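Structure, as C-alpha cells:
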Amino acid sequence: VCGAGAQNQGLMLPSTTSLAERVLLIFSYRGYCSRRQRRLRKTLNFKMGNRHKFTGKKVTEDLLTDNRYLLLVLMDAERAWSYAMQLKQEANTEPRKRFHLLSRLRKAVKHAEELERLCESNRVDAKTKLEAQAYTAYLSGMLRFEHQEWKAAIEAFNKCKTIYEKLASAFTEEQAVLYNQRVEEISPNIRYCAYNIGDQSAINELMQMRLRSGGTEGLLAEKLEALITQTRAKQAATMSEVEWRGRTVPVKIDKVRIFLLGLADNEAAIAQAESEGTKERLFESMLSECRDAIQAVREELKPDQKQRDYTLDGESGKVSNLQYLHSYLTYIKLSTAIRRNENMAKGLQKALLQQQPEDDSKRSPRPQDLIRLYDIILQNLVELLQLPGLEEDRAFQKEIGLKTLVFKAYRCFFIAQSYVLVKKWSEALVLYDRVLKYANEVNSDAGTFRNSLKDLPDVQELITQVRSEKCSLQAAAILDANDSHQTETSSQVRDNKPLVERFETFCLDPSLVTKQANLVHFPPGFQPIPCKPLFFDLALNHVAFPPLEDKLEQKTKSGLTGYIKGIFGFRS
C-alpha cells in the first residue's frame, strides 16, 4: 500500500512542460487525493461527524483489519505534498507563498510519521514497514532541504536511498525497476546537499547528471541551475579573451563568459546523449543560453557605438572587437541550429526507411518534412555568409559554400523522392541528375576542407543511392506506361463510377456481386426537358381601336317625370 503511495509522491513532470501545465498537473493530483480520501471514508463509514458538527477521528491499530485505513493516512500525506508542490511553482512569482509551502510540507511529514507508526503493528508485513520508513525519510528530507538544513537532509535522503536499494535487491526485476527509479530521483538531492556541506566534487556529478538528462525536475531544478551558474561565474572571473579564426577578442561581459565556459560541456553532453529526446532538449537549452549571450552583446552595441567602432584605425573590413564577438556568438547559434536540424533529419530518414503500414492514429513521416528541414539549414548557411568581419575570409566562404552544396544535394534528393511518390518520373529523373551534379562538385572542390566536411552527411553514399534510385525509377516508369490501362480502370472504380457509365471498359469489381452494387445513380438526377412556349403580345400597344360612343347607352335626365316614364315603359 505504501509503496504505491511513494511512487505517486515522486510524480515526474517532463522538463519541457510549461509552468501552467505543471501547476495544472499537480493541482489535478491534489484533487484526486481529496476525492480518493472522500470515497474511502464513505466506504469505510469513517466520517468526521455530520454536516452540523465536526468530530475528529484517528486511525488506530485496532482498525487495521482493513488495509484501506492505511490509505486514509497515506492520502492525507499525499494531498499535503501535492499542495506543497503547487505552492512551490507559484512561489516563483509570489514569495509569500513559501511560508505556506513549508507549512504543507510539515503537515505531510506529520501524516507520514503517523503512517510509519501504524505500520509498526504486527498486522503489517515487513515490506510495507520498510516502504513506510522510506516514505517518511523522503518527505522529512524534502522538508530539511527547503529549510537548507543540509546535514539533516542528506541523512534522511541516504536512509531513504538505502531502504530502496535493499528492497530492489530483494524482489523481482519488475518491482526492482520502480525502486531503482526512486533511487535515481533521490541521488541529485544527495549530491546537492553534499556540495553545500563542502564536497566540491559533487558539483561535477550534478552538472553531468543535468546534461545527461537534459534537465532536472522537482524541488532541485531551480537550485541546481542557480548553483551551476554560480560555479561558472567563479570560473569566468579568470577568463579574459577568446580566439576564433586567428583573431583574439577580449570578453568583458559576464553572461558571455559563462556561456563560453559551458560550451564545451554542452557539446560533450550532446555527443554522449543516448536518446533523441535528450539530444533535442540539450540543443534547445544550448540555443537558449546562446540567445541570452547575444542579447547581452547587443545591449553593449549601441547605435552610436556601432557607427563609431565599426572600423578600427581606418582599416576597411576590420570590425570592432565587440562586433566580432557578436559574429562569433551568432556563428555558434547558427551552427548549433544546423546540427540540431541535421540530427532531426537523420531521425526522419530512419523513420522513412523503417516505415510501417499506415496507421490512421499517427501521422507517418514524408519526404516533404525533410525538405522543410533542409530549407531551414540552407537559410542558416546564407546567414553565416553575411556575418560581419568574415567578408574577406576566403577559407570560411569556401567552406560554407561546400556545405551549402552538400545540403542542396540532399534537398534535391528528397524533392525527387516526393515526385516519385506521385509518379512524376521525368521531374524526379531531372532532380536526380541535379543531385549528382552537386555531389560531384563537392568531391572535386573539397581538397583541404575534407576535415571540416567529415561531420556532414556522406556525399559518396548519396551518389551510390541516387544511381540505384535512377535505375529503379526507369524500371517503374516503363512498368507504369504498360499498366496505364489498368491504372485507368482501377481509378474509375475508385471514383465510384456506376456500371452504366463504364460499359466500354472491363474491370474486375467485386462489389458488383454484393448487395451494395453500384449499378446506376439512384435516385436519378434531374434533366432539362422542353416545356410549353410563352407568347408575349407586343403589338397591342400600337393598335388603334374604333370609337364606341354611339354604342354606349345615353344617360337620361332624372326627376319625377322620368321616374313616371320609367314605370310605364315610356323611357327611350
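Everything numeric in this text was worked out from a predicted model, so none of it was measured.
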Answer yes or no: is there a donor N or O on one side and an acceptor on the other, between the side chain of [X] and the main chain of [Y], under 3.5 Å?
{"X": "R502", "Y": "K497", "value": "yes"}
{"X": "S335", "Y": "I332", "value": "no"}
{"X": "N440", "Y": "L436", "value": "yes"}
{"X": "T330", "Y": "H326", "value": "yes"}
{"X": "Q397", "Y": "L390", "value": "yes"}
{"X": "S327", "Y": "P388", "value": "yes"}
{"X": "T404", "Y": "I400", "value": "yes"}
{"X": "N341", "Y": "I338", "value": "no"}
{"X": "E342", "Y": "R340", "value": "no"}

* To do: Determine, using ring centers only, whether Y324 and W244 are less than 6.0 Å apart.
  =>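 Yes, close enough.
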
* Are the aromatic rings of Y410 and Y438 close, with centres under 6.0 Å apart? -> no

* **Nearest heavy atoms of A345 and L370, plus distance in Å** =>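 Smallest interatomic distance, heavy atoms only, reads O-CD2, 3.4 Å.
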
* Side chains of Y328 and E243: is there a donor and an acceptor less than 3.5 Å apart? ->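 No, because no side-chain N or O of Y328 sits under 3.5 Å from a partner of the opposite role on E243.
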
* More than 12 foreign heavy atoms under 6.0 Å from NZ of K408: is that the case here? ->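 12 or below, so no.
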
* To do: State whether the number of non-hydrogen atoms from other residues, nucleotides or ligands found under 6.0 Å of R467 atom CZ is greater than 12.
  => no

Kindly indicate whether the side chain of [X], heavy atoms from C-beta on, has any atom under 4.5 Å from the side chain of [Y].
{"X": "R339", "Y": "I270", "result": "yes"}
{"X": "M344", "Y": "E280", "result": "yes"}
{"X": "R247", "Y": "N321", "result": "yes"}

* Structure fact -> In this structure, CG of D375 is separated from CZ of R411 (nearest 0.5 Å) by 4.5 Å

